[in-house]
Asker: 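Handing you this structure, nothing more for now.
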Amino acid sequence: MNSSGVKLNRDFYERDDVVSISRQLIGKVLCTRIEGQCTAGMITETEAYCGRNDKACHANNGLRTSRTETMYGAGGHSYIYLCYGIHHLFNVVTNREDSADAVLIRSIEPVEGIKTILNRRNRIHMEPGVCNGPGKLTRALAITTSLDGTDLLGDCIWIEDRKKTFPDSVIAESARIGIDYAGDDASRPWRFYLKDTPWISRR
DNA sequence: CCTACGATCTGCT
DNA sequence: GCAGATCGTAGGG
């Protein structure tokens, strides 16, 4: 797909610091190959969800159900769930089997398959509104809950390192969005985004 | 079985 | 800025 890209390997995902991984995913490229269509976008915004000790995480307090099961699996798989009955949200599962850490991908800047992305989003022209939100980018890349549990080392959904590096000084952190119910964990600075880009959901 | 609600987006005022 | 969409999940009876 892109000769300069190197697919992230299992070792990247299986490390135990989900907050660091969340920050490191900024600048990486999320790719899908679905129904013959290749699409990709550079990750510009993420949020870390810290397993059973995080009140905002679906696996809080060790909650283990058919929905949360994939979060307990090995790092490097997808955790995709339906939000508000409409939106398919995509997460990267991290850490070893039995932990339940994950990174929510919140925004991307499209870099490949622009026509396909515009079609899926029902738009004519590319602009930040096409992919600046967790429900928007899944629509753009054709990611749905039927792909929950997908191995990110396969050829359907994966993440590439294209050697585009950003210094820490251009990466901002903030509280996570839309988790007011999470008590003291609601204010933890586990959201990361590129400071100087329009391709994010909020300032 | 029943009810409440959500890691959001869109369109309208 | 705000309401409505829309349905799977979780929790309680």
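Residue numbers begin at 1 in each chain, while the letters A, B, ... track the order of the sequences.
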Asker: Can you find a side-chain donor-acceptor pair between A:Thr44 and A:Ser107 that sits under 3.5 Å?
Answerer: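 The criterion, which ignores hydrogens and geometry beyond distance, is not satisfied for A:Ser107 and A:Thr44.
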Asker: Over how many whole Å does the gap from A:Leu89 atom CG to B:dC5 atom P extend?
Answerer: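 Distance check: A:Leu89 CG to B:dC5 P gives 20 Å.
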Asker: Just call it for A:Thr65: base, sugar-phosphate, or nothing, with non-hydrogen atoms closer than 4.0 Å on any strand.
Answerer: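 Sugar-phosphate contact only.
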Asker: Work out how far the P atom of B:dA7 is from that of C:dG1, and round it to whole angstrom.
Answerer: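 To the nearest whole Å, 22 Å.
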Asker: Whole-Å distance between C:dC7 C1' and A:His88 NE2?
Answerer: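 Atom NE2 in A:His88 sits about 10 Å away from atom C1' in C:dC7.
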Asker: Roughly how many Å is it from NZ in A:Lys136 to C1' in B:dC9, rounded to a whole number?
Answerer: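 About 7 Å, once rounded to whole Å.
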Asker: What's the NE2-P distance between A:His87 and B:dG6, to the nearest Å?
Answerer: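 Rounded to whole Å, this separation is 14 Å.
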Asker: Could you identify the nucleotide paired to B:dC2, looking across every strand shown and requiring Watson-Crick or G-U wobble geometry with both distances under 3.5 Å?
Answerer: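 Pairing partner, where one exists within any strand: C:dG11.
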Asker: In whole angstrom, what separates A:Ile179's CD1 from B:dA7's P?
Answerer: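 About 9 Å, once rounded to whole Å.
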Asker: Of the nucleotides B:dT8, B:dT10, C:dG8, which one has an atom closest to the side chain of A:Arg123?
Answerer: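 Of the options given, the side chain of A:Arg123 lies nearest B:dT10.
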Asker: Is NZ or CZ of A:Arg106 both nearer than 6.0 Å to the six-membered ring centre of A:Tyr193 and within 45° of the ring axis?
Answerer: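 Negative - A:Arg106 is either too far from the ring of A:Tyr193 or too far off its axis.
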Asker: Strictly below 4.0 Å: does A:Tyr84 bring a side-chain N or O up to OP1 or OP2 of C:dG8?
Answerer: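 False: A:Tyr84 side-chain N/O out of range (4.0 Å or more) of C:dG8 OP1/OP2.
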Asker: Between atom CD1 in A:Ile86 and atom P in C:dC7, what is the gap in whole Å?
Answerer: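 After rounding, the reported distance stands at 8 Å.
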Asker: Does A:Arg15 qualify as a cation-pi partner of A:Phe12, given the criterion of NZ or CZ under 6.0 Å from the six-membered ring centre and within 45 degrees of its axis?
Answerer: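 The answer is yes; both the distance and angle limits are met.
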Asker: Once you apply the 3.5 Å cut-off to both distances, tell me the Watson-Crick or G-U wobble partner of C:dT6, or none.
Answerer: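 Pairing partner, where one exists within any strand: none, as none qualifies.
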Asker: In this structure, how many angstroms lie between the C1' atom of B:dG6 and the NE2 atom of A:His58, rounded?
Answerer: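 Rounding to the nearest Å, NE2 of A:His58 and C1' of B:dG6 are 8 Å apart.
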Asker: Taking A:Ser22 as the fixed residue, which of A:Ile105, A:Thr46, A:Ile43, A:Asp101 is the one that meets the side-chain contact (heavy atoms from CB on, under 4.5 Å) rule?
Answerer: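 Of the listed options, the one satisfying the test is A:Thr46.
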Asker: So A:Arg67, base contact, sugar-phosphate only, or nothing? Heavy-atom distance under 4.0 Å.
Answerer: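 If one applies the 4.0 Å heavy-atom cut-off, A:Arg67 turns out to touch the sugar-phosphate alone, with no base involved.
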Asker: Among B:dT10, C:dG11, B:dA7, which is the nearest nucleotide to the side chain of A:Asn91?
Answerer: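 From the listed options, B:dA7 comes nearest.
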Asker: Is there side-chain contact between A:Leu194 and A:Glu109, with at least one heavy-atom pair below 4.5 Å?
Answerer: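 Heavy-atom side-chain distance check fails, nothing below 4.5 Å.
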Asker: Base, sugar-phosphate or nothing for A:Arg139? Non-hydrogen atoms, less than 4.0 Å.
Answerer: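 No contact.
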Asker: Looking only at side-chain atoms of A:Ile177, point me to the closest of C:dA10, B:dT10, B:dT8.
Answerer: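 Between C:dA10, B:dT10, B:dT8, the one nearest the side chain of A:Ile177 would be B:dT8.
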Asker: Is there aromatic stacking of A:Tyr49 on B:dA7 here, judged by a ring-centre distance under 5.5 Å and a plane angle under 30°?
Answerer: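 So A:Tyr49 counts as stacking on the base.
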Asker: Measure CZ/A:Arg106 against P/B:dC9 and give the value in whole Å, please.
Answerer: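 One finds 7 Å between P of B:dC9 and CZ of A:Arg106, rounded.
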